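Each remark here refers to the structure printed beneath this line.
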Protein chains: 2
Amino acid sequence: MSGADAGAPGLRVTVSDVAAAAGVSRATATRALKGEGRFAPETQERILAEAERLGYVRNTMAAELAAGRTGTVGLMLRDASNPAYGLLFSRLQDEAHRRGLDLVTVTIGADVQGAEQVNALHRLLGMRVAGLIVATGGITAAQLEPFADQVPIVRAGRVETAERIHTAHYDDPEHGRMLASHVLSLGHRRVVVLSGAEDVSFAEHLRASAMQSTLVAGGASVTLVAAGAAPTDGVDEALDAVRDGATAVMCASDYRQLAVMRALRSAGLSVPGDVSVTGCDGILPGADLLGLTTLRIPVEAVAAAAVETMQLLLTSGSDAAETVRQPFVGTLAPGSTAAAI
Amino acid sequence: MSGADAGAPGLRVTVSDVAAAAGVSRATATRALKGEGRFAPETQERILAEAERLGYVRNTMAAELAAGRTGTVGLMLRDASNPAYGLLFSRLQDEAHRRGLDLVTVTIGADVQGAEQVNALHRLLGMRVAGLIVATGGITAAQLEPFADQVPIVRAGRVETAERIHTAHYDDPEHGRMLASHVLSLGHRRVVVLSGAEDVSFAEHLRASAMQSTLVAGGASVTLVAAGAAPTDGVDEALDAVRDGATAVMCASDYRQLAVMRALRSAGLSVPGDVSVTGCDGILPGADLLGLTTLRIPVEAVAAAAVETMQLLLTSGSDAAETVRQPFVGTLAPGSTAAAI
DNA sequence: CTGAAAGCGCTTACAG
DNA sequence: CTGAAAGCGCTTACAG
């Protein structure tokens, strides 16, 4: 029988059933079941035993409705097939679990911006979650803000400027600077910077901008390629620039770096012999075997801070609190794809 | 203010508020809001406008409690930091979205077996989900079975023998056979098979068993290393066997393959010059650049079948239905880490 | 220590 | 086409 049907044995067991079986009132059963309030130890024992015997599972929705509060925090996630998001998801879960926070997750559809995001947001709000952790750039501050005074919102991963929305985020500009400094220190002065356009990936945009200005300040000439969402977008332009004399290609993400290396390989160019290549993210398994020069983003720190902030907001009330805004810096992972000129 | 507080403006808006503002009864407001039942078009317009103006978001928990049914399907997920699970998660979401199924996800803690899984299960059941998709091997049939007649359960990824629990799973034994045949065809006759022990990863165990029997049937001698959960476990034994004359190391997962390749590299052995190495999973980004010889598991097909099966069970009632059990076979990805002897 | 009663926000027959 | 009423399963003051 479908879960939508009435009459399934197990899940139809209610507190009333348990109470009746134990010969007490629903009120007493409720108290004993959650171990709050006063009740005789032996009464509780009996109630617990009956609940166990009957296979009672508390109806969370009814419980929270009646209690007027919610124990779970909603997590909005971006497509987890991207390892960077998969790992962030995983760490957020771990951290929430460690702190005794229940997380319920919805992901937003693949369709860029629009109705889908709002729909996911409403599903979470409809569940009356106690808080919202947003781990996707796909949703804008404007979409979030209307709810910021109803529920604490913490953005994880991406920076946010809107008032009332807290963040634990990657310091993307600093990451761009670190990578650019490294490339400069290797002696490169003609560099291609390949990233997604601003509206495609804001993180990549931030990194790329910082790379560019650092490179220019360091005396290098820069060819900036603002590409589409697909990792292969813009790769051809990058190769053209290399044939034109650029000695390094800085990619704003590991995926673009992989795409560039594939293209270079099939073009018969060697890395780092003919050209140096850098990426950013550093969470690909096997990155070490490939020798990728990249920057490992601080996923663990961001996840921990996001959950910690949420817990703080939940327990202390967010009215008094300042908006929390915490940037985290990763570590440079020098590999063998970038070498001195 | 915290979400636990009463008195937040937006989320405190109820149907009663909307109804009052529109000058109708709660019953009428409900109907108009969901567009079911009879109501005057202009009445609906007015109600919708008021709802919009007041920022009404239906309380899903109350709605489903009152309606006596649930629209969402629960998904139990394993740690998404493993790309294979991250991708499966992503595809399950996409597929559910395409079919108009709402998914709510909980992940199980890192602690192997035990209370944690049961807790996650209860959280989902407590939400009175309409169905359960289980995408983790960490939970056993015995833990699932008690609920199988209360709610349709579909296992995604791993095979299941318990009655009443449907599956869409990887054909792991066949995958093992395919890889072993490939290695045999390359002329290898002394082979190491490296996998997690049966209780560590059942999938790896199935693959490894099939590899072993296929190899033996093909006239090869096999050294079987049943290792722990960490990818580096058992790598030393594998290397010993190589020094002892084995010409190929077959790993039951890509992670182990990476670990073996790292170890071989630091031991000064070349791949595939000194020894061939194979993996299994094939979902690592950059696997092509590494030239991994592996087998790409059919994540997309498994995800699609799991969701389709769930939808079927939900709409047609599972009482009449046979237990659905669908194995899917992946494709061999010959790379440059395995060569003819 | 325990129970009767009201109520959480919404829906659903059932009368109009 | 619309509303009054009962009820979903649980919790929480408030009396005992």
Side-chain angles (χ1 to χ4, degrees), chain A residues 3-8 10-47 51 54-71 122 125-130, chain B residues 3-8 10-47 51 54-71 122 125-130:
Chain A
D5 282 0
L11 289 189
R12 306 301 299 176
V13 179
T14 70
V15 252
S16 302
D17 297 325
V18 175
V24 297
S25 70
R26 268 159 43 203
T28 301
T30 296
R31 284 189 222 102
L33 248 13
K34 46 188 340 203
E36 283 170 11
R38 306 213 121 293
F39 45 78
E42 52 224 36
T43 308
Q44 181 186 35
E45 235 171 76
R46 195 153 28 95
I47 293 172
L54 296 172
Y56 172 69
V57 176
R58 174 195 284 110
N59 184 325
T60 315
M61 311 191 303
E64 299 191 330
L65 178 60
R69 53 190 162 59
T70 305
H122 274 235
L125 291 172
M127 291 179 178
R128 295 300 188 267
V129 291
Chain B
D5 281 0
L11 288 190
R12 306 299 303 174
V13 180
T14 71
V15 254
S16 302
D17 297 325
V18 175
V24 296
S25 71
R26 267 159 45 204
T28 301
T30 296
R31 285 189 220 103
L33 246 14
K34 48 187 337 202
E36 282 171 12
R38 307 215 120 292
F39 45 78
E42 52 224 35
T43 308
Q44 182 186 32
E45 234 170 76
R46 193 153 30 93
I47 294 172
L54 296 172
Y56 173 68
V57 176
R58 174 195 283 110
N59 184 326
T60 315
M61 313 193 303
E64 299 191 329
L65 178 60
R69 55 190 160 57
T70 306
H122 274 235
L125 291 171
M127 291 179 175
R128 295 300 187 267
V129 291

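Protein chains get the first letters and strands the later ones, always in sequence-line order, with residue 1 at the start of each. Since the structure is predicted, the reported quantities are computational estimates derived from the model, not experimental observations.
What separates CG of B/L65 from C1' of C/dC8 is a distance of 9 Å, to the nearest Å. Protein atom CZ of A/R58 is 20 Å distant from nucleotide atom P of C/dC8, rounded to whole Å. The nearest whole Å value for the distance from the CZ atom in B/R31 to the P atom in C/dT11 is 11 Å. Atom-to-atom, CG of A/N59 to P of D/dG7 comes out at 18 Å; the value is rounded to the nearest Å. As rounded to whole Å, 9 Å separates atom P of C/dT11 from atom CD of B/E36. In this entry the distance linking CD of A/E42 with P of C/dC1 reads 10 Å, nearest Å. One interatomic measurement links the two molecules: CD1 of A/I47 to C1' of C/dG3, which rounds to 12 Å at whole-angstrom precision. What separates CE of A/M127 from P of C/dG9 is a distance of 18 Å, to the nearest Å.
Here the separation of D/dT12 from D/dG16, taken at their C1' atoms, is 16 Å to the nearest Å.
One finds a side-chain N or O of A/S25 lying less than 4.0 angstrom from the OP1 or OP2 phosphate oxygen of C/dG3. In this model, the phosphate group of C/dT11 is approached by a side-chain N or O of B/T30 to a distance below 4.0 Å at OP1 or OP2. Of the side-chain N and O atoms in A/R128, none sit less than 4.0 angstrom from OP1 or OP2 of C/dG9. Remark: B/T43 is not in phosphate contact with D/dC1, judged by side-chain N or O atoms under 4.0 Å from OP1 or OP2.
Position along DNA chain D of the nearest nucleotide to A/M61 versus B/F39 favours B/F39 as the more 5'-ward residue. With DNA chain D read from its 5' end, the first of the two nearest nucleotides for B/Q44 and B/A62 is the one closest to B/Q44.
Nucleic acid contact class of B/A67 (heavy atoms, under 4.0 Å, all strands): sugar-phosphate only. Residue A/R26 is classed as a base contact, given a heavy-atom separation below 4.0 Å to a base. Here B/A40 lies in heavy-atom contact (under 4.0 Å) with sugar-phosphate atoms only.
Here the side chains of A/Y56 and A/L33 are in contact, with some heavy-atom distance below 4.5 Å. Counting only heavy atoms from C-beta outward, the side chains of B/R128 and A/N59 approach each other to under 4.5 Å. With contacts defined as side-chain heavy-atom distances shorter than 4.5 Å, the pair A/D17/A/T14 qualifies.
Using Watson-Crick or G-U wobble geometry with both donor-acceptor distances under 3.5 Å, D/dT2 finds its partner in C/dA15.
Between the side chain of B/R38 and the base of D/dT2, no donor-acceptor pair of N or O atoms lies under 3.5 Å.
Looking at B/E64, its side chain does come within 3.5 Å of a backbone N or O of B/G71 through a donor-acceptor pair. Under a 3.5 Å cut-off, the side chain of B/R26 and the backbone N or O of B/V15 do not form any donor-acceptor pair.
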Give the intermediate values and the outcome of side-chain contact (heavy atoms from CB on, under 4.5 Å) for residues A/M127 and B/M127.
-> CA-CA 10 Å; A/M127 291 179 178; B/M127 291 179 175; 5.5 Å; no
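Side-chain proximity of B/T14 to C/dG9, D/dG9, C/dT2: nearest is C/dG9.
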